[in-house]
Amino acid sequence: MRSEAKVKLIIQPPDGIAPLVRAIDRAKSRVEIAIFRFDRVEIEKALANAVTRGVSVHALIAHTNRGGEQNLRKLELRLLAAGATVARTADDLIRYHGKYMIIDRRELLVLSFNFTHLDIDYSRGFGVITRNRKLVQEAVKLFEADTERQSYAAGAPGLVVSPVNARAQLAKFIRGARKELLIYDPEISDAAIVRDLEERSRAGVEIKIIGRLTRGSSQLPVKKLSGLRLHTRTIVRDGRRAFIGSQSLRELELGSRREVGIIFHEPKIAASLSKTFLEDWNAADRPREAVEIDKVPPATKVAKRVAKAVAKEMPAVSPVLEVVVRELAVETGGTELDRKALEDTVKDAVKEAVQEAVQNVVEQNGLSH
């Protein structure tokens, strides 16, 4: 974990689960945690241990996620049994996708990753730990509003909350670039944001994107992350300021979901983010080594057998497709859907479901490291 006086940076996967467990372990009076996906036993134990120390633990759990509602409801029951207070988000928004934690109302952790093996161990992700009083108080206000299912009015700038102020803050952040924008984002598709990026590019700002840009632009160079799953949403501006959060630069996550991020000015932390980004950017240029057939690892053989089995008897995809179409309809304002955009989104949904299924099987059979 990389640190400075005001802000500490978490980089995944190298930093792992330890910074999160340590944060819970140092709580003296209360822990407030917002959860979208969760399968880390270490964090669950840390929360239970906090309760036994007399710490008030309050968990805000999403009302739904794609394919994992049953696990969320089981988690609610386990946390209640451990003595925690549990609240469920409202269903007024398509998703409550934010991931953050408040310790003793003095320390705030804003994360781009979920509390899962997949996000922490196998995906590029970042988190910020800050003691900035205004940001902590603003996060408390958000947590209380969502817990009580009340409307939230944004106050202190810096906490980026969809659908309340994210578009305005992120657009302003992008327009303020003078030299460079380094962007991790699984999907950039918002028309206004893309125009802002193109305008900055024409003004001489060097822009690099790791992820995907669904509204094509020859001015904006894009690469795919190599060797890791991309989950983070992160922007580094001019090597001095940065955004880390849960919202992609697309209409759905800016305007129709609860997403939480943070904008901060910490040059040393921004430098660490830039270093990681450029390492990932350069790694994308390196060709993958060919693997000899007789050296194919067992995991690959298993994957091929599963693929053959699925091809023979494909399960119904209509439930997943229905969710994706509904989300894309919101994103496009009810206009005719682009076939390529629909195809890409369905692929992502299926990929995510397969990753979760593999993880569950590996854990249930004691095969994980």
Side-chain angles (χ1 to χ4, degrees), residues 9 11 112 124-126 128 157-158 160 162-163 165-226 228 230-255 259 261-286 328 331-333 335 338 340-341 343-345 348:
L9 176 66
I11 300 179
S112 72
R124 174 64 76 218
F126 300 103
V128 170
V160 182
S162 300
N165 67 359
R167 175 178 292 281
Q169 287 218 53
L170 289 173
K172 181 180 180 181
F173 184 72
I174 289 169
R175 292 169 190 158
R178 295 295 176 263
K179 296 180 180 179
E180 181 184 64
L181 284 169
L182 306 178
I183 303 173
Y184 286 101
D185 199 312
E187 181 179 337
I188 302 175
S189 61
D190 184 81
I193 293 292
V194 172
R195 285 196 296 271
D196 286 338
L197 291 171
E198 291 175 334
E199 188 281 326
R200 287 291 81 204
S201 178
R202 288 192 295 270
V205 175
E206 183 179 10
I207 298 175
K208 293 184 175 74
I209 298 169
I210 293 179
R212 188 173 68 192
L213 181 68
T214 60
R215 292 180 181 270
S217 171
S218 60
Q219 299 176 4
L220 304 177
V222 181
K223 292 184 180 182
K224 290 184 178 181
L225 183 63
S226 177
L228 289 171
L230 177 61
H231 190 263
T232 193
R233 284 79 165 161
T234 298
I235 307 173
V236 185
R237 190 182 85 182
D238 297 333
R240 302 183 66 80
R241 295 180 181 270
F243 158 78
I244 293 174
S246 67
Q247 52 267 78
S248 285
L249 299 174
R250 60 178 185 139
E251 168 58 31
L252 184 69
E253 296 183 29
L254 296 175
E259 307 282 357
I262 187 172
I263 292 173
F264 56 94
H265 178 201
E266 294 289 346
K268 289 185 179 179
I269 298 302
S272 293
L273 288 168
S274 296
K275 179 176 181 292
T276 302
F277 181 95
L278 293 175
E279 289 172 354
D280 288 341
W281 180 265
N282 293 331
D285 291 329
R286 292 196 288 269
L328 275 176
E331 183 174 344
T332 58
T335 58
D338 178 80
K340 183 63 167 62
E343 179 182 328
D344 288 343
T345 309
D348 284 349

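Being a predicted model, the structure only gives us computed values, none of them experimental.
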Hits for side-chain hydrogen bond (donor to acceptor under 3.5 Å, both in side chains) against Glu259, two or more places apart or cross-chain, chain-then-number order -> His97, Ser246, Arg257

Across all chains, not counting sequence neighbours, the side-chain contact (heavy atoms from CB on, under 4.5 Å) partners of Ser248 are Asp185, Pro186, Arg233, Arg250, Glu253

Determine whether Ile244 and Leu9 make a side-chain contact, defined as any pair of heavy atoms from C-beta on separated by less than 4.5 Å.
yes

Once side-chain contact (heavy atoms from CB on, under 4.5 Å) is applied, do any residues pair with Arg167, and if so which ones, sequence neighbours excluded?
Asp190, Ala192, Ile193, Glu251, Leu254

Is there side-chain contact between Leu181 and Ile235, with heavy atoms separated by less than 4.5 Å?
yes

What I want to find out is whether Glu198 reaches Arg200 closely enough, with some N-O distance under 4.0 Å, to be called a salt bridge.
no

Salt bridge (Lys or Arg N to Asp or Glu O under 4.0 Å) with Lys179: which residues, sequence neighbours excluded?
none

Does the ring of Phe243 carry Arg237 above it, NZ/CZ under 6.0 angstrom from centre and within 45° of its axis?
no

Once side-chain hydrogen bond (donor to acceptor under 3.5 Å, both in side chains) is applied, do any residues pair with Asp196, and if so which ones, sequence neighbours excluded?
Arg175

Contacts of Val222 that satisfy side-chain contact (heavy atoms from CB on, under 4.5 Å) - sequence neighbours left out:
Ile209, Leu213

Can you list every ring pair (Phe, Tyr, Trp, His ring centres under 6.0 Å) pair that touches residues 178-207, not counting sequence neighbours?
Phe126-Tyr184, Tyr184-Phe277

Please list all pairs meeting ring pair (Phe, Tyr, Trp, His ring centres under 6.0 Å) that have one or both residues in residues 187-214, counting only residues at least two apart or in different chains.
none

If every non-hydrogen atom of Gly239 is compared with every non-hydrogen atom of Ala270, which pair is closest and at what distance?
O-CB, 3.5 Å

Going through the distances and angles, do Lys208 and Glu206 end up as a salt bridge (charged side-chain N to carboxylate O under 4.0 Å, His left out)?
CA-CA 7 Å; Lys208 293 184 175 74; Glu206 183 179 10; 2.5 Å; yes

Test of understanding: with side-chain hydrogen bond (donor to acceptor under 3.5 Å, both in side chains), list the residues that count as partners of Arg124, not counting sequence neighbours.
Asp280

Go through the structure and list residues passing side-chain contact (heavy atoms from CB on, under 4.5 Å) with Lys223, not counting sequence neighbours.
Trp281, Ala284, Asp285

Over all atoms of both residues, closest heavy-atom pair of Ala166 and Gln247
CB-NE2, 3.7 Å

Taking side-chain hydrogen bond (donor to acceptor under 3.5 Å, both in side chains) as the test, write out the residues that go with Thr232, two or more places apart.
Ser112, Thr234

Partners of Glu199 by salt bridge (Lys or Arg N to Asp or Glu O under 4.0 Å), sequence neighbours excluded?
none

Could you tell me whether a side-chain N or O of Asp238 sits under 3.5 Å from a main-chain N or O of Ala177, the two making a donor and an acceptor?
no

Heavy atoms only: give me the nearest Val236-Ser274 pair and the separation to one decimal.
CG1-OG, 3.3 Å

Show your working on side-chain contact (heavy atoms from CB on, under 4.5 Å) between Leu220 and Ile188 and close with a plain yes or no.
CA-CA 11 Å; Leu220 304 177; Ile188 302 175; over 6 Å; no

Note, Leu273 side chain near Thr276 side chain (heavy atom, < 4.5 Å)
no

Looking only at heavy atoms, what is the nearest atom pair of Lys224 and Ile210, with distance?
C-CG2, 4.4 Å

